[in-house]
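Both backbone and side-chain heavy atoms feed into the values below; hydrogens, waters and symmetry mates do not.
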Amino acid sequence: MHGRIALASPHNSCEIQHLAHRGVWQGNPCEYSTMLDLKTVLVVTFATASLQAVTWLFVWLAWRRLYELKFLAAGFVAIAAGVLLILLRGEQPAAWAIVLHNTIIKLGLVLLAEGLARFLGQPRYTWISISLLIFQIVAWSAALAMDPGDIAIRIHASTFFTVVMMSVMCLGLMRDRTQPTLLRWITIGVLAEYIAASVLQSIIEYRLPVDFQGASVLADRNAWYLLQGALFLIAFFGCLLFMVSSRLSSALLEKNIALSREVRERRRLESRLNASLAAERVLRDEQADFMRVVSHEFRTPLAIIRNAADMIGLVGHKSPEATRERIAGIGEALDRLFSLIDRFMANDRDSGFQPEMIRVGLLIADVRLHFGMTGRGERLIFTADDDAVSLVADPEMLATVLINLIDNALKYSSEDQPVDIDVRSEGRSAVIRVRDRGIGIPQAELHKIGRRFFRASNTMAGTGTGLGLYSSRKLLAYHGGKLQLLANDDQGITSIVSLPLAGEATDRLSPEELTA
C-alpha cells in the first residue's frame, strides 16, 4: 500500500482474456489463472482511499475547530493521489515517476501520523518524518539507478519507513489518555498488523525473490501486499472515526457540564439579584412608610400649636394668664416637634429608640397635658391602681401610642361621650386600656384594623389616614409590647396595650423585622 509497487514483469506472449464477473485468466497451457491481479487491487485501493479522503474532508469542514482533522484529510488525499498516479502511468515509467508516486503515498502516511499526534495532543516527531522521506527518496533513486528491475532494495526501504512511522504512531497512542483504552489498543493492533505485513513482505522478498508461479490467488506479491494495505486503510479509517466521535462526545459532555454550571451560576446570581431587588423594594417601602408615619405624628404637636394660637387670638387681650399658658403650651409642642425631627430624621434610624426608666403616672400626666392643650381633655377619665409602676420604655414613643389611641377614641365617639383610660399592673405586665363608646368596628373587619391605610367601612371620609394604629403597633414592637382591639358588649372599642414591667426580659424587634 505504501508504494512498494514496481512494474510487474509482463506475462509471456500468451494472449490473455478476462472473463467478465469470473476473474479467470484463460490462455494457452503455459499460463496460470488468478482471481485478482495487481491492477485490480490498485483500483480497489484507490477507490477506498478516495472515499476515505472525501469523508475526512467533509468531517473537517463540519468541525473546523478540530484543525487536526485537515492533516488526516490531507493524508488520505495524498494516498489516493499516489495510487491514482500509479494506475495512470505506462508500462515503462521513468525512474523519477516511480520515486515521485511512491513518495506521495509515503507523504500521506506522514500526514496521517502528524494528524494523529496533533489530535491526541502528543509530541510530534516531524524531524523523523522529514528524515524518513529524504531516506525514501534517496534509497529508491539509488535502487532504480543501480538496477531498475530489482525491487528488493525498494521493498526493504519501504519496510524500514513503515516500521519507524507506525512505531511513532503506536508510541503516541500508548501515551494518550484522552481516548478509551480499548479503542487505543485496537488501533495499536491495526498498526502492528501492518508493521508485521511489511516485515513479512521483506522476508518473502529476501527468501523467495521470484513470484509464486504456482499460486491461484494473488500470485503477484505486490497485489497481496496492496490488498492487505487496503484492509489496513479501512480498519485505520474506522479507528480514527471512533476517536473523533469519542472526542466530540467528550467535548459535548464537557459543554453540557459547563452549561449546567453556568445555568446554576446564573440562577444563583438571579436569586441574589432578586433578593437585592426585594431588599431595595422593602427599603423603599420602609422609607415611604416611615415618612407617612412621621408626618402623621408631626400633626399632634402642630395641632397643639394651632389650638393655642387660636385661643390666644380669641382671649389673649382679655386674659394675660391664659395667654402665658397657651404660649407655654406652644413652646412644649415645639420642643416635642423638634425632638421628633431630631430622632426620626436622624441618619441612624436605630437612634430613634431611646428607652429609659419611666413611671406610668408621669406618662399619663404628659398625655393628659397634651389633650388639655388641644381643648379635649374634659372628656377623658383617667384611673390608675398605682402611679408608681415603672416601665423601661421610650417616653416619646409610648406617649405617641397612647395619644393615637385616645385620639381615635375621641374622633369616633360622640362629643358627649367620655373616654376611659385605665392603667393597671397585671402579673408581669403593665396594661393600659382605652375604652370608648363610639361607632365601633364591624366584626368582620376587626382583624384588619391596624394595617397600613386601612380604615373601617363605617368611618366618615376625611376623618383619618389609616396610619394611627399602624404606627402604634410599630412603636410598641420596639418595646416588646402588644396592642389588642376588642369590641365592647354595648358599643365602641377597647384598645388594650400590654407592656412588660421594668426588670422583665423582653424580646424587642429590630427596625428591619418591623418592616418585614
What are the two closest non-hydrogen atoms of [X] and [Y], and how far apart are they?
X    : Y    : value
P123 : A117 : O-CB, 4.0 Å
G75  : L111 : CA-CB, 3.7 Å
T103 : I137 : OG1-CG1, 3.7 Å
M243 : L116 : SD-CD1, 3.9 Å
M146 : I153 : CE-CD1, 3.9 Å
L42  : V83  : O-CG1, 3.4 Å

Report the distance from atom [atom1] of [X] to atom [atom2] of [Y], rounding to the nearest 0.5 Å.
X    : Y    : atom1 : atom2 : answer
I86  : F46  : CD1   : CZ    : 11.5 Å
I188 : E193 : CD1   : CD    : 14.5 Å
Q136 : L107 : CD    : CG    : 11.5 Å
R261 : K255 : CZ    : NZ    : 14.0 Å
I204 : L200 : CD1   : CG    : 4.0 Å
L84  : I79  : CG    : CD1   : 13.5 Å

Do [X] and [Y] have side chains that approach each other closer than 4.5 Å (heavy atoms only, starting at C-beta)?
X    : Y    : value
P355 : M397 : no
L191 : L173 : yes
T162 : Q201 : no
F242 : I186 : no
F119 : L240 : no
L483 : V401 : no
S276 : E280 : no
R89  : I98  : yes

>> Apply side chain to side chain contact (heavy atoms under 4.5 Å, CB included) to residues W56 and V59 and explain how you reach the verdict.
In response: CA-CA 5 Å; W56 278 110; V59 171; 4.0 Å; yes
Taking [Y]'s backbone N and O only, do any of them form a donor-acceptor pair with [X]'s side chain (distance below 3.5 Å, no angle check)?
X    : Y    : result
R154 : W140 : no
S249 : S245 : yes
T159 : S198 : yes
R175 : Q122 : no
E114 : F71  : no
R177 : M174 : yes
T48  : V44  : yes

>> For V190 and C239: C-alpha separation, side-chain torsions, deciding distance, then whether side chain to side chain contact (heavy atoms under 4.5 Å, CB included) applies.
In response: CA-CA 9 Å; V190 172; C239 291; 4.3 Å; yes
>> Apply side chain to side chain contact (heavy atoms under 4.5 Å, CB included) to residues W60 and V244 and explain how you reach the verdict.
In response: CA-CA 10 Å; W60 172 55; V244 172; over 6 Å; no
>> Tell me if the CZ atom of R272 is crowded by more than 12 foreign heavy atoms within 6.0 Å.
In response: no
> Going by an N to O cut-off under 4.0 Å, is there a salt bridge joining R266 and E262?
Replying inline: yes
>> Check E270 with R267, please: is the shortest side-chain N to carboxylate O separation under 4.0 Å?
In response: no
>> side chain to side chain contact (heavy atoms under 4.5 Å, CB included), that's the test. Do L120 and E68 meet it? Break it down for me.
In response: CA-CA 9 Å; L120 298 177; E68 306 92 345; over 6 Å; no
>> Over 60° means perpendicular and under 30° means parallel, so tell me whether F76 and F237 are parallel, tilted or perpendicular.
In response: perpendicular
>> For Y194 and F232, take the angle between the two ring planes, folded into 0 to 90°, and tell me which bin it lands in: parallel under 30, tilted 30 to 60, perpendicular over 60.
In response: parallel
